[in-house]
Structure formats: structure tokens, C-alpha cells
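What follows is one structure encoded as C-alpha cells, with my remarks underneath.
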Amino acid sequence: MKPAVLLLGVLMLATPLQLMADALAQLPAVWQERLQAIPETDISGTERVARDAITRTRQRLAELLTSGSTDTANLAEGYGKLAALYQRFQIDAPATLCWENARALQPAEYRWSYYAGYLALMRGETETALSALQRARKLKPDYAPLDLRMGQLWLETNELDKAQAALARAAQQQGLRAAALYYRGQLDLLRRDYPGAQQHLSEALELDPRATGIHYPLAQAYRHLGKQELARQHLAEFKPGPPAADDPLVTELQRVLETSRANFSLAMQAISARDYEKAIQHFQDGLEIDPENSAARVSYARALYLGEQSDAATQQLKAVLARDPQQTLANFLLAVLLQSEGKSEAAIEHYQRILQQDASHEGARFYLANLLFQQGHFAKAAQQYAVALAANPDIPPARLLELVARHRAGQPDREIAAELERRVKAWPDQPELKYALIRLRSLSTDSEVHDSVRALTLANQLAPNQPTPPNIAALALAAAADGQYDQAARLQQQVIDMLSWMPADTVQQTLKNTLEAYENYELPKQLVWPADDPLLAPPPLNPGEPFRHYPAAVPY
Amino acid sequence: MKKKTSPAPLTHGEAMIRKALLRSLLAMILLAAAAVAWLLLHQPRQTAPVSDAEISAPAVVQEAPDSMPPALTFTDITSTAGIDFSHVNGAYGERLMPETIGSGAAFLDYDNDGDQDLFLVNFRNWPDHPGDSTPHQALYRNDGSGQFEDVTAQAGLAFEAYGMGVAIGDYDADGWVDLFVTTLTRNRLFRNERGQFREVTGQAGVAGREDLWSTGAAFLDYDRDGDLDLFVLNYVKWTRKIDLEIDFRLAGLGRAYGAPNHFIGTNSYLYRNEGDGRFSDVSAAAGIQVDDPQSGLPVGKGLGVVPVDYDRDGWLDLVVANDTSRNFLFHNLGDGRFEEIGALEGLAYDRRGKATAGMGIDAASYRNDPELGIAIGNFANEMSSLFVTVDGKPPFADEAVLEGLGPASRLALTFGVLFLDVDLDGRLDLMQANGHLEHEINRVQASQHYAQPAQLFWNCGAHCPSLFVPVTEAGDLSHPLVGRAIAYADIDNDGDLDVLITQNGRRAVLLRNDQQLGHHWLRLRLVGNAPNLNAIGARVELTAGGITRYRDVMPTRSYLAQVELPVTFGLGENTTVEAVRIIWPDGSTQSMVPESIDTTLTITQAGTQP
């Protein structure tokens, strides 16, 4: 017996997929003349709640189809629901078939024709859209949004007179007026009626100020009217987003399933608009539906941090890592938070964990390098900067900090100088490199490195173009190195005057000591690259930067 | 010969009025015919009854015959012409984005024998899936009759690369056009040494970064110092790791080729020619790096570029088609810098303010008036864009719908676009190379197919209800292709323009133009002052039959492609040319009256040393 059972099991596993297809894909004979088969499609790309809803709806429909019932209304509703789900997630081919089946079952029900027409309109299948919407019109001539959709359709097909008439009718409906005027404005632009476009689009904006998409065509109208400043203002306000249209059927379609992704998408938009409170709410709503979405939870943590809920952000990141310890972005952001709290060792551990998984993670490597530098582990810091630059030479701070770290770790001046010269030549527009080289050439005790002429040449390139206090101080130093102490003193005094607003402290004292040295015809007793020089050290950690800007490959 | 004063060409407004008048006249004729018919029907009865069958219905007015496209046929001569090139896209199953982009092509006269040769860019297999062969680029020499011979190896171009696009230009002014190839990694510059190409990337300093994905490129003299500089577009920040991490999925298909809106953008390069074989990267200083003010990330995802002087101030500007980001218009300020003003000038977005998936691009005065049109090929379910100036100056308005291009182009997924006068009637037509990204797209979108026919839109002229009329049957041009780049040249010296379409992962297709309409033509090859010997950036105005037509000497058009350098004017039925006026890249002008037509003339800039 057992071998037979085993054999049966093997045969079942080997059964081709189509024999296991549901009744929608393989219609019972009684429905084959009337309905179209709806093959199963790969929905692995949709979120879990959507997959569950589609699967459940197919199961219910299959039960109805095989039950022997002739309740066409119920079946039509089932196909309609399934169509809406497919359409919601842009699985267009089965959606179209489902709408057609619903219509075949209930030809007098205008909804099915309207949805089919709306789907075709969104997909640019204008002929299909036209016939479907015209059918809907015959069945329900008083469904007001039909005029709006027809107006859109005529606009797409260059039937401008018809579009104008349809949009004029739609504009008489309060809930459709903004949208109708929005499309009417586009029609005006096509006809080069710029005053008309300006009038209609301005009113649309007044009616629906949240429809930031109106700003673009309105800007075009102003631009064509020669009102550049107004055009620029509207361009600055522009974000995609047409006016809302009071279309109950479309609203029902959008509400067919409360999805996490819809919430996450709104959350990301809120983050872009810096409305963190709204972003947090949407993330919470989305995570309630899809609590296992780690990527979304990381984005949620970002919104919390940017919304000044740092502790809650930490909690969320830890929750992600408890489930998925290798989640890169969570590790990175948590490391940044730990670093900002002074928990350096814990931060280092997280950075290193990321780099073990992904040696190319630029953020982790650069932040780790900075942290090691700040802790005085210069050799290790230099190594990290070097690896980062080998992968991507376009990290300006790293170009300098690597050399500073190497210098602090004991590398001789002449080796540093040669490499720094090369980098100054390669990146002539990076002033910090020149600044560092000026100091090196001015103060190095290695006679092969000390070169006051070179230092002065560089300083004369740097300071006049960017007369900041450090650059003028560098010019003063180069002048002193060249024996021009009077000039150096004058320049140094200028720096002191520029910084006189700063409270008297060690910085001011250092400046004055330097001035005194010049007045005594001496070079200041300073390190080539002092530890307290902010231009020669990693920038202070600003945790907000990565929370706001570090790109997420998958935000949810 | 006394120069005739030609009537002023119709402005668009006048053309619209004329159209409306014709429609009114037609209506009046119909009404009159109906009135006559009514009167006839109401005449007093004759003794003999009139049979119903003898009453004629009002005459049906036929459409004016010249509002329908003429017979236009293209013939696939790829094999018979000796071209045996198949593009390798490296696809092995993971669906990595670069596998969908395809590669480009260039027509160029690499051996200076007067005819157009063909260079085809190739991609390669991924290192961990090497495949059976080692694909390389291909150079085919034209024998002058449209027969080609593979000379890749002997010309020194049999190299392997993740090849994307190509730009041609004589950057060192030695009289031989050079070749720049963009790739997924480092770009490559090859100096043409009398028909032999030698790589000079390193010494020229134009390799770019290993981690930047370059696409379109153009040689142009942006600073008007005479020599050709180099502009290189970059696409999205891509690595295999990023691609797999994003794991883009199409509902109904599973893992799919990544959509560019999921990737971060990158900035492009501008290299200034220093005149000694080297280029300097002036990208940052030139203002061509556009970052989003909020995120600080680059906005650009460039695929197509066309250099054009859109405001006619004598300085070449750059229009960039970005993929799912707003298009750029880099306005040349004349001092070495550019200012990006695409949104202000109306060509950044479609009319609803949406950034389309722009890929191929071309620019031309297609109405034979001072208006400039910029066509951009977009994604499936996005109409092609046709941005047109108004009253001869910016800003632009998207008139794709008005001109008949919009609805007909909406379903197709368009890559290369080109303006070209296919039938030599003197009006520029528009051709598009189409093809999807996903082999199985038809499973989830019934209206979409992987291979799609190219589209030809015949320019009917201002008197027609729609200026662009789709040509439904154009011979082998209408066969479905996985189209990407499109380039044109007169390969057989018969005056009309033949076309090369590259396919992604398939063979390139050479289509000979077999129109037999008997229209006249004139081709002009310009020789400029050194160092811009090919006069790239020159504008040519030709007046015949009272109509002035405009062409720019600019090989960079379409998508990852270069068209031939000579410009072609269709003359229609005209047997003489009233005037040719050239605005050379240095701003000087030159006029002449050609004594012959149906030929290729070489016009040398005054003051040019032979």
C-alpha cells in the first residue's frame, strides 16, 4: 500500500499546474459560452494583504461557479470585486477580463462598463475607453463623472470641441468643477488661449488648493503671458497631484482594499513635505496592516527621529534588528544614533557588522572612519578612508582626512606632501586640500617639504577667491614662511578682526599668539595640522543628515 | 541670377485660419449640394413618374488626395547588405537593468571615401555568465552602393565592453572623425588615424568614473572656441547589488527589469577640449549638475540628448531626455556655463506635470517655419512628447495631441525618435523605434508586446487636419522589433534616407528606403574652418518653391545614436533651389545658389584652407 500512496503523492506533485487551476481559470462547462477564463497570475509582487484578498475572492468566485447557482448578480459582484482588486494593483489583463465577465452577467449594470472604460482610459486605450464609457452613458446618463471622463478622453484624442463641451458640463457639478477646470486649462494651453488657461487653472487651484499639480500648467500659462516671476512662483509650488474629483465609483475602487503600501506611499510623501506628524500616522496605519514590513519600519523610525521622537526611533530600529539582525539601514541608522549618544563602541560594532555584510556600504565606512579618527585611532581611520576612496573617489572630505589620519599615525611629511600635491591637482576646486598643503609647506621641518614659494602660490590662489578667516590665516602663515612677517601680521590682524565677535577663548588666544609670533618675526609654534583645526577633522556628527537623506533602496 | 523674393511662409496661426476656412468652404459646398438636391426633388411632376432609382444622392466629397501618405516602403536588406551583427544583452535570468537598455549605432564616414559606414555598439555577457562567444563592437565599411564589409578587427575596434551609446566627431581636427563609446563602466575614446582607430581614453581624460553608467553623448563646440567638446549623459546609480535589493516586481510577472524611478539619479559630464588631445572635466563649473534641493541627490537620469540652439542666440544649448525625471534644458549662457531651465521653458514635464520616461530625442523645424520642435520618445501608455515653440521663441508647448502624434504614439514604448524627410517632399517626417522591456509583458497587459513595430508619421503639412499622419504599412519597417536606437544615412547614394534600427538582444536591422515618388533632393556636406572641420553646429536654410527649410549639422540625435553628417533636403517637385544660406558654428554666414540638384554638394566655409 505504502508504495502506491507514495507513487500517488509523487504523481500529484508532478501534476501540471493547469490541472490544479481553479474554476475561474478552467470554467465549468455551463459558463464557458458566457464567460471568459481568468488565468491565475503571479501576484508575488503584491503585498501580503493584497495576495490574501485576491486569493480569497477567487476562492469565493470559484465556489459560486461550481455551485450550480444561477445567481448572476452575485457572480457579477464577485467578478467586479476581483476586477477591482486586480486593477488596484495594476494587474490589468485579468482586471479587464473580470470587468467583461461582470458585464456579460449584468449587461444593464452601468458600473461594469464605467470601470472598464476608466481602466482603458488610464491605460491609454482610447478606443476601448470610448466604447465602454459610451455604454455606461446609455445605461446611466445622469452619472455626472462621465462628463469628466469623456472630457479627458476627448482631450487625449484631439477632439477639443467635444472635450470642451463635456468639461463644461462636468464643471457644473460642484465636486467635479476643480478637476474639470484643470483639464479645461490644459485644453486652453493646447489652443494657445493663455488668458483662458490662466483663468480656468487659477479657479481650479482656488477650489482645490491641495491639488499642487495645477501649479505646473498654470506656470506654463503665466510663462506664455510673459509673467516670468509668477511662472517661477508656481513652479516652486508644483508637486504632482491633480485635483480630486467626486467620483463615487472610483472612490469605491480605491477603497476596495485598505493597503499598507497606500499608507506607506502617503507617509513618504509626507516626509518629502516635512510633515512628520502625518508621516508617522501613515506609517502606523500601514504597519498595523503589515507589521512585518521591516523596510517600512525603518522608514517609520526615520520619521520618528525627524519628528523629534528619538527614543521611539531607537525602539523601532531595535525592533527591526531583533527580527532581522542584518537589516543594513537599520544597523546604520542605529549606529548613528548610538554615536550621537556617545556610545562609540556600540556604534563601531554596528558599523562593522554592516561592513561584514556589505563591504561597499559607503555610509558605514565613512562614518566608521570618522569615529575612529575622533577616537584617535588614526591608522585604522586612514585605512577606512582609503577603502572608501578606492570604491568611490568622489568623497571630498575623505580625500583630505585620509592624509591627515596618516600624518597623525606617523607617516612622514614628504610622503604625505607628494600625495597631497597629487590630490590638489586632481581636485583643484576643493579648497581644503590647498589649505592643508599650505600649512604643510609652511610649517614642515623637513627641508624637502618646506617650500614657502609653493605655499604662497597656493595661498594666493585660495584666499582672494574665498576670503574666509582660515584661508586668510593660511595666507598669513605662507607669507610668514616666506619671510614677509609684516604682511603676515597685517593679515593675521585681519583674521582677528573678522572673528572679534567670537567669545574670548582658546581660539582667540591662539590667533593672538600667532600674531605675536609674526610681530617677533617668527613662525608660530604650531603643529603642521593641529588637532583642534576644524578644517582638518571630520565634521561634527549630525544624525539628522542620514536620517533625512541617506537613500533607502526599498523604503517599504 | 536675381534672387526671387519668396512669399513669407505661413505662420502656424495663419495655417490654422486657412484650415478653418477650407472647412467652412467644404461645409458651404455640402449645403449647396443638399439645397440643389432638395430643389430637384421638389420639381413639379412630369407626366412620366420618376423612378426613385434615378434620383442621385448628393456627391460624396472625397478627402483631398494629398492628405493621405504616399506609398512609402522600407526593405530589410541587413543580410544582403552584408551586416551580420547581433546585439548581446547579457541576460541570463536575474533581469538586471542594463540588459534592457540596448545599444546604439552611428553612421560615419570613417575612411573619408565619401559614403556612410556603420558602427554598431555592443554590450557583453556578465562575468559570471560568460556565454559561448565574446561579443565586440562592429564597424562595417560601405562600398558606396549600400554593401557593407566587416572591418572591425582591421580598424582596431574589436573590443569588448558594456557598450551603450556612441558619439562621433573630429575632436583633434585632423580630418578624420573619431569615436567615443559610452559604457556601463568606463567610457572609451578612439582616435581615427586614417582609418585605424587607436584608443586614447587615458590621455584624453574622458574615461569617467567606473561606477557611473553613461548613455548618450555628443561632440559639440559649447564654448565657441572652435574645437569640439564632449558632453556625456549618465543614467542611474546602478550596481547588481542595488538592483537585486530593490527587487522590482511587476504584479502578474514577478521579478521584472527595474524601473528607473526606484534608482537614484546621477549627474552628467561636460569635457572641454583643451586643443592638445586632452579634455578637462568642467562639469561642476559649467552648471550641468542638477541636484534636488531637498534630498541633495542628483535629479538626472539621462538617456537622450540633442544639442540645439533653441533660442537662436548663437550658442548651442543641450536638451536632455531624462527617464522618469523631468527633462532638462541646459541654456548656454555664453560664458562657459549653463543654466537648467526646462521647467520654466515648458519641456520638463508632460502637460499634466508628470515627468515621463523620456528616452530618445530629436529637434527640428519640422513645420518649415521658425518654430522649433523637440520630440521625445516615452514609455508605454505615455504619448510621445512634441514640444514646440510659439511665435518662433520659447517657451515650448506640448503639441503632440494637436499634431496627430499624441494618441497614435501612446501605446508604444518608444526609444529612438528621428525627424527625417522620408519621401523627399520637403517636409520632415517622424520615425520612432519601439520595443518593450519585458518579454512576457503581454501576459499582464494585453495591449503590450515585447516586439513592436516602428512607427512612421508622415508630415502632411499645415493644410491637413493633423500634421502627422501615421503610415500604417511601410514594408519591413512595420515588422515588430525590440527597437532601441535609430539612425539614418543615405547608404546607397540615391538621395533618400535609409534607416538602421538596433534591437535589444537581437540583430540590428538595416532598412533601405525604397520610395519611388520621383521627388527631387539636394544633399549638402559642409566643411568648416579648422578645428571644427565637419561644421558640427552649423545651420542650413534652403529655400525652394518659396518655402524655407531648415537643417542642423548635428549627428547626435535619437537614442544612443549618431546620424550621418551631411544634411538632406527634399525638394518635392521643385527643380531649382532659390537659395542656400549657412550659419556656420562661428556665427558667420554664407549664401549660395546651387546650380544642380539631385546630387551631394560640398560647401566649404569661406576662408577654410583646402
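Chain letters run A, B, ... following the sequence lines, proteins first and then strands; every chain starts at 1. Small disclaimer: the values here were computed from a predicted structure and weren't measured.
Top candidate by heavy-atom pairs under 4.5 Å with chain B, chosen from A:Thr96, A:Asn158, A:Leu190, is A:Asn158.
Inter-residue side-chain proximity for A:Arg192 and B:Glu399 is flagged as met; some heavy-atom pair is nearer than 4.5 Å. A 4.5 Å side-chain heavy-atom check between A:Tyr182 and B:Arg352 finds at least one atom pair inside the cut-off. Put simply, the side chain of B:Leu344 reaches to within 4.5 Å of the side chain of A:Leu235, judged on heavy atoms. Between A:Asn392 and B:Arg209, some side-chain heavy-atom pair lies under the 4.5 Å cut-off. In this structure the side chain of B:Arg351 reaches within 4.5 angstrom of the side chain of A:Leu155, judged on heavy atoms. Within the 4.5 Å cutoff, the side chain of A:Glu156 has heavy atoms near those of the B:Met383 side chain.
With rounding to the nearest 0.5 angstrom, the CG atom of B:Leu297 is 11.0 Å from the OH atom of A:Tyr550.
Evaluation of the ring pair (Phe, Tyr, Trp, His ring centres under 6.0 Å) rule for B:His262 yields B:Phe248 as partners, not counting sequence neighbours.
A donor-acceptor pair under 3.5 Å is formed between the side chain of B:Asn381 and the backbone N or O of A:Gly124.
For A:Glu127, the CD atom sits in a loose shell: 12 or fewer heavy atoms of surrounding residues, nucleotides or ligands are nearer than 6.0 Å.
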Extract all donor-acceptor atom pairs below 3.5 Å that involve side chains of residues 388-396 of chain B and protein atoms in other chains or at least two apart in sequence.
residue: B:Thr389; atom: OG1; partner: B:Glu371; partner atom: OE1; Å: 2.7
residue: B:Thr389; atom: OG1; partner: B:Leu372; partner atom: N; Å: 2.9

